[in-house]
Enquirer: 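Got a structure here, written out as structure tokens. Questions coming.
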Amino acid sequence: MTAAKLVIGNWKLNGEVARVRAFAQRAARDWPGCEAALCVPHTMLAAAQAAFGATPLRWGAQDCSAEDEGAFTGEVSARMIREFGARYVLVGHSERRTALGETDGQIVAKVQRALAAGLTPIVCIGEKAEERDGEQTAMVLRRQLLQLVRALQGGLASVVVAYEPVWAIGSGDAATPGMIDHTLGFIADTLAFHGGVSAGAVRILYGGSVHPRNAGAILSRKSVAGVLVGGASLVPDDFIEICKAAARCSAPRHEIHIQQGSVSAQ
Ligand code: PEP
């Protein structure tokens with residue numbers, strides 16, 4: 001597994017150009033040294049490119065079209081996003097699956113467009129509360145992953161997967177580290193079994209109510225390659241605190257502590 005933990009912020013339908021600049025100033029002044037990016041609204045990509053370009057902070061978008069060009073009014077293609085120097089694009093966020101009815105097939109097409117454009121897609125998967133309560137989590141996650149695995153095969157290692165239980169998003173209640181370990185282990189096994197990738201070849205993030213108070217406990221788990229952060233990514237101090245936790249939990253020092261059984265080491 002990649003030793004450096006990844007922190008991705010999802011601004012959703014929030015923010016403004018002034019906030020992009022405030023983050024850039026903060027990142028230039030006080031950067032903890034982890035790998036991090038903010039996924040901003042499309043209209044702020046130009047500002048992100050101008051402001052973050054001189055900082056260690058990277059940037060990305062929150063969606064891309066399943067199409068490359070043509071008569072698709074209002075759509076933004078992966079190629080257009082890449083033109084602004086973006087490195088990442090979120091695909092299949094639960095808010096889009098639920099509110100806009102995005103299907104697994106459309107999500108696979110978006111991932112393929114993103115890869116072709118040179119972006120790293122971050123594919124969001126996760127179960128709803130009623131699916132968790134009905135003990136359907138494994139079935140839901142397997143369904144969300146299988147089309148992707150079959151379509152990509154060799155390209156799978158270029159994708160980042162974000163496990164975001166829908167019940168944890170915006171609720172203030174993250175999944176427990178034990179639940180996260182268990183579920184990320186299941187996702188890694190599914191990718192290995194159906195996609196033939198070796199364990200750890202695909203980075204798997206956790207998302208859902210990550211904030212400065214719980215980031216260390218979550219990021220210290222060996223199964224967690226990083227976090228996807230919504231609300232707390234809008235506040236520079238909170239985001240930087242999470243990035244600091246990620247830097248502390250990155251190898252090599254962290255790996256040594258894990259091997260010694262001290263999972264709380266940061
Ligand atoms: C998200 O929507 O991707 C997310 C993780 O949100 P929050 O951190 O606010 O739960």
Side-chain angles (χ1 to χ4, degrees), residues 6 8-15 37-46 48-49 58-128 131 139-166 169 187 190-191 194-197 201-205 207-208 226 228 230 233:
L6 179 62
I8 301 288
N10 173 15
W11 277 14
K12 311 191 186 196
L13 185 55
N14 295 296
L38 288 172
C39 291
V40 298
H42 289 144
T43 53
M44 292 170 214
L45 283 171
Q49 182 175 31
R58 302 295 95 199
W59 58 100
Q62 301 166 22
D63 178 49
C64 67
S65 177
E67 307 294 339
D68 190 42
E69 62 181 357
F72 303 100
T73 303
E75 289 286 87
V76 176
S77 76
R79 245 178 346 108
M80 293 168 180
I81 292 166
R82 183 69 193 138
E83 265 203 314
F84 288 95
R87 183 170 297 179
Y88 299 98
V89 61
L90 301 178
V91 181
H93 192 281
S94 64
E95 287 153 13
R96 299 191 62 86
R97 291 180 190 259
T98 305
L100 301 170
E102 276 192 10
T103 64
D104 290 324
Q106 287 169 325
I107 289 162
V108 169
K110 291 180 180 207
V111 168
Q112 289 173 317
R113 294 290 185 202
L115 289 172
L119 294 169
T120 298
I122 300 170
V123 186
C124 304
I125 61 172
E127 81 286 1
K128 298 180 182 149
E131 292 165 337
M139 189 188 77
V140 169
L141 297 180
R142 195 182 290 113
R143 191 197 66 225
Q144 290 175 334
L145 285 171
L146 276 189
Q147 273 199 51
L148 184 73
V149 166
R150 290 195 186 113
L152 294 190
Q153 289 296 331
L156 205 51
S158 306
V159 166
V160 174
V161 172
Y163 168 59
E164 297 206 297
V166 180
I169 293 176
I187 293 168
T190 304
L191 294 171
H194 295 283
V197 285
V202 178
R203 285 186 286 182
I204 308 174
L205 315 184
L228 177 52
S233 73

Enquirer: If you compare all heavy atoms of G60 against all heavy atoms of L45, which two are closest, and at what distance to 0.1 Å?
Expert: O-CD2, 3.6 Å
Enquirer: May I ask you to test the R79-E69 pair for a side-chain heavy-atom distance under 4.5 Å?
Expert: yes
Enquirer: When rounded to the nearest 0.5 angstrom, what is the spacing between CD1 in I8 and CZ in R87?
Expert: 9.5 Å
Enquirer: Who are the side chain to side chain contact (heavy atoms under 4.5 Å, CB included) partners of Q112, not counting sequence neighbours?
Expert: V108, A151, L152
Enquirer: Taking the side chain as everything from C-beta on, heavy atoms only, tell me whether T98 gets closer than 4.5 Å to K128.
Expert: yes
Enquirer: Could you check whether any side-chain heavy atom of N10 comes within less than 4.5 Å of a side-chain heavy atom of Q62, counting everything from C-beta outward?
Expert: yes
Enquirer: Can you see which heavy atom on Q49 is nearest to which on E83, and at what distance?
Expert: NE2-O, 4.0 Å
Enquirer: Using side-chain heavy atoms (C-beta onward) and a distance below 4.5 Å, is K110 in contact with D63?
Expert: yes
Enquirer: Calculate, to the nearest 0.5 Å, the distance between atoms CE and CG belonging to M44 and L38 respectively.
Expert: 11.5 Å
Enquirer: C39 versus W11: any side-chain heavy-atom pair under 4.5 Å?
Expert: no
Enquirer: What is the minimum heavy-atom distance between V111 and P121, and which atoms define it?
Expert: CG1-CG, 3.8 Å
Enquirer: How far apart are the C-alpha atoms of R113 and D68, what are their side-chain angles, what is the distance that settles it, and do they pass the side chain to side chain contact (heavy atoms under 4.5 Å, CB included) test?
Expert: CA-CA 7 Å; R113 294 290 185 202; D68 190 42; 3.6 Å; yes
Enquirer: Applying salt bridge (charged side-chain N to carboxylate O under 4.0 Å, His left out), can you list everything that pairs with R143, at least two apart in sequence or on another chain?
Expert: D104
Enquirer: Can you list everything that forms a side chain to side chain donor-acceptor pair (under 3.5 Å) with S65? Sequence neighbours excluded, please.
Expert: E75
Enquirer: Out of curiosity, L146 CG to T190 OG1, how far, rounded to the nearest 0.5 Å?
Expert: 7.5 Å
Enquirer: Looking at every heavy atom in both C64 and I81, which two are closest together, and how far apart are they?
Expert: CB-CD1, 3.7 Å
Enquirer: Could you go step by step and tell me if L228 and Y163 meet the side chain to side chain contact (heavy atoms under 4.5 Å, CB included) rule?
Expert: CA-CA 9 Å; L228 177 52; Y163 168 59; over 6 Å; no
Enquirer: Report the C-alpha separation of V161 and L205 in whole Å, then their side-chain angles, then the decisive distance to 0.1 Å, and conclude whether the side chain to side chain contact (heavy atoms under 4.5 Å, CB included) test is met.
Expert: CA-CA 6 Å; V161 172; L205 315 184; over 6 Å; no
Enquirer: To the nearest 0.5 angstrom, please state how far the CZ atom of R97 sits from the CD1 atom of I125.
Expert: 7.5 Å
Enquirer: Rounded at 0.5 Å granularity, tell me how far CD in E164 sits from CD1 in I122.
Expert: 9.5 Å
Enquirer: Does T120 form a side chain to side chain contact (heavy atoms under 4.5 Å, CB included) with S158? I'd like the steps, not just the answer.
Expert: CA-CA 7 Å; T120 298; S158 306; over 6 Å; no
Enquirer: Side-chain contact test, heavy atoms from C-beta onward, threshold under 4.5 Å: evaluate it for I107 versus R96 and give yes or no.
Expert: no
Enquirer: Would you indicate whether L13, at its atom CG, is surrounded by more than 12 heavy atoms from other residues, nucleotides or ligands within a distance under 6.0 Å?
Expert: no
Enquirer: Identify the two heavy atoms, one from A48 and one from V40, that lie closest to each other, and give their separation to 0.1 Å.
Expert: CB-CG2, 4.4 Å
Enquirer: So M139 and E127, do their side chains get closer than 4.5 Å, heavy atoms only?
Expert: no
Enquirer: More than 12 heavy atoms of other residues, nucleotides or ligands under 6.0 Å from NZ of K12: yes or no?
Expert: yes
Enquirer: Answer whether the closest heavy-atom distance between the side chains of V159 and L115 falls below 4.5 Å.
Expert: yes
Enquirer: Can you tell me how far OG of S233 sits from CG of N14, rounded to the nearest 0.5 angstrom?
Expert: 8.5 Å
Enquirer: Give me the atom names and distance for the closest heavy-atom approach of F84 to W59.
Expert: O-NE1, 2.8 Å
